[in-house]
Every structure is written in structure tokens, then in C-alpha cells.
Amino acid sequence: MSLKMRRYSVLVVSSADSFTEAMKSMLPESGYEPVAFVKTVSAARRASAERDYDFVIINAPLSDDIGINYAIDCSTSGNSLVLFLIQNEIHSEVYSKVSPHGVFTLPKPMSKQSMTTALRWMKTVKGKLLSVEKKSTSIEDKMQEIRLVNKAKWLLIEKENMSEPEAHRYIEKQAMDRCVTKIQIANEIIKNAE
């Protein structure tokens, strides 16, 4: 799915009504859905517990906390990309605390163009992460297939006195002849041996 077609879920955490209103205009339904707005870290923690968000945007400080620990927790415990907005005077200090945990930061005040650019970057990173996750899953699936087929081969070697190449060929031929996967054949062999 292209980045332009995908809709991203967003949690905006801000005590400032002006920021919330500005973000509403920058997060149209055509690209962002659902979009939730909360005013405190405790409300953000509850919202994050109810569902995962693609993006979490924190406009610090908040009325109940600055939000640094929540930003770190959110970034490290799930698949959310976190953007932390903080006053320019303490940006460097906050950046050094949160960046090792994968939290993006921007100094305030900032322009609408800067926020638009940050959202584009987050979309790009999310797309890259999804691609890496998909590759990782396919590698894990392939490794699982290899483990199962190898287990089935060793059972054939042990129980049917086949050589390793014969067992391998047997599994491949059965899969081709029956139009099923090698995993299905391996699972049958393992089940029959038990």
C-alpha cells in the first residue's frame, strides 16, 4: 500500500487548545483516521492502552507532566512513532534523553510547514518500518519452514531408513504431487511419527 493511500491513526496530546485546533486542520480524515485528542499524560496513557496509534504527537509540557517518560514508554513499548514538541530553550536536553529511545523531537515555536514536513517524515519512517517488519516476518516464516522440514527429514531418516537426500526429495515430491506446501507434508510426517 503506498504512503499516499494509507490512513494513519494519530494520538495528539496537548493541553493547548490552539495547538489542538491547528492539528485538526493538519490531520484530515483522508490521510489520518482515527485521530484522538487528549489533554494530559494520564489520558494519553489510557488512550494508548485502548489501542495502538501509528503516530503519537506530544505538545509539551502538559498540565499533569512534561511527558518525557510517556514519550519514551510509548516509543519503546509498541509500534508508535512519537513526535515530541518542546520549547527551544530545553530542546537539546530533552533530545539527548529521548532520542536513544526512538522519539523524534522538534523545538517550539514551529511553523505549520515544519509540522507538515515532520508528518511526511513520520509517514516515510512508518512505511520503512512496515516494510522491514514484513521482511522480518517472511524470514521468520521461512526459518519455521526449514525447521519443520528438517525435523520431518530426520524422522524419515530415522523411521524409514532414508538417506538425507532421499528424505528431502520425498518431501518435495509429495508436496508437488499433492499440490500442497512442504510445511503441510512435514506436519503430516511429524504427526504420523508421534
Of all the heavy-atom pairs spanning [X] and [Y], show the shortest one and how long it is.
X	Y	value
V82	C74	CG2-CB, 3.9 Å
I72	H101	CG2-CG, 3.6 Å
L119	M26	CD1-O, 4.1 Å
A71	V103	O-CG2, 3.5 Å
L81	M122	CD1-O, 3.3 Å

Just checking, is any N or O donor in the side chain of H91 or Q87 under 3.5 Å from an acceptor N or O on the other one?
no
Under 3.5 Å, is there a donor-acceptor pair linking the side chains of K108 and N59?
yes
Is the closest side-chain heavy-atom distance between K153 and N150 below 4.5 Å?
yes
Between the side chain of [X] and the main-chain N/O of [Y], is any donor-acceptor distance below 3.5 Å?
X	Y	answer
S9	P34	no
Q184	T181	yes
E166	S163	yes
D64	V41	yes
S15	S63	yes
T117	Q113	yes

Run the side-chain contact (heavy atoms from CB on, under 4.5 Å) test on Q174 and Y170 for me, step by step, so that the C-alpha distance in whole Å, both residues' side-chain angles and the decisive distance to 0.1 Å come before the verdict.
CA-CA 6 Å; Q174 287 293 311; Y170 175 81; 3.7 Å; yes
Just to verify, which of W121, F84, Y8 counts as forming a ring-ring contact (aromatic ring centres under 6.0 Å, His included) with F55?
Y8
More than 12 non-hydrogen atoms from neighbouring residues, nucleotides or ligands closer than 6.0 Å to CG on N88, yes or no?
yes
If you count every heavy atom of other residues, nucleotides or ligands that lies below 6.0 Å from K24 atom NZ, does the total exceed 12?
yes
Derivation of the salt bridge (charged side-chain N to carboxylate O under 4.0 Å, His left out) call for E188 and K191
CA-CA 5 Å; E188 287 176 14; K191 186 179 177 182; over 6 Å; no
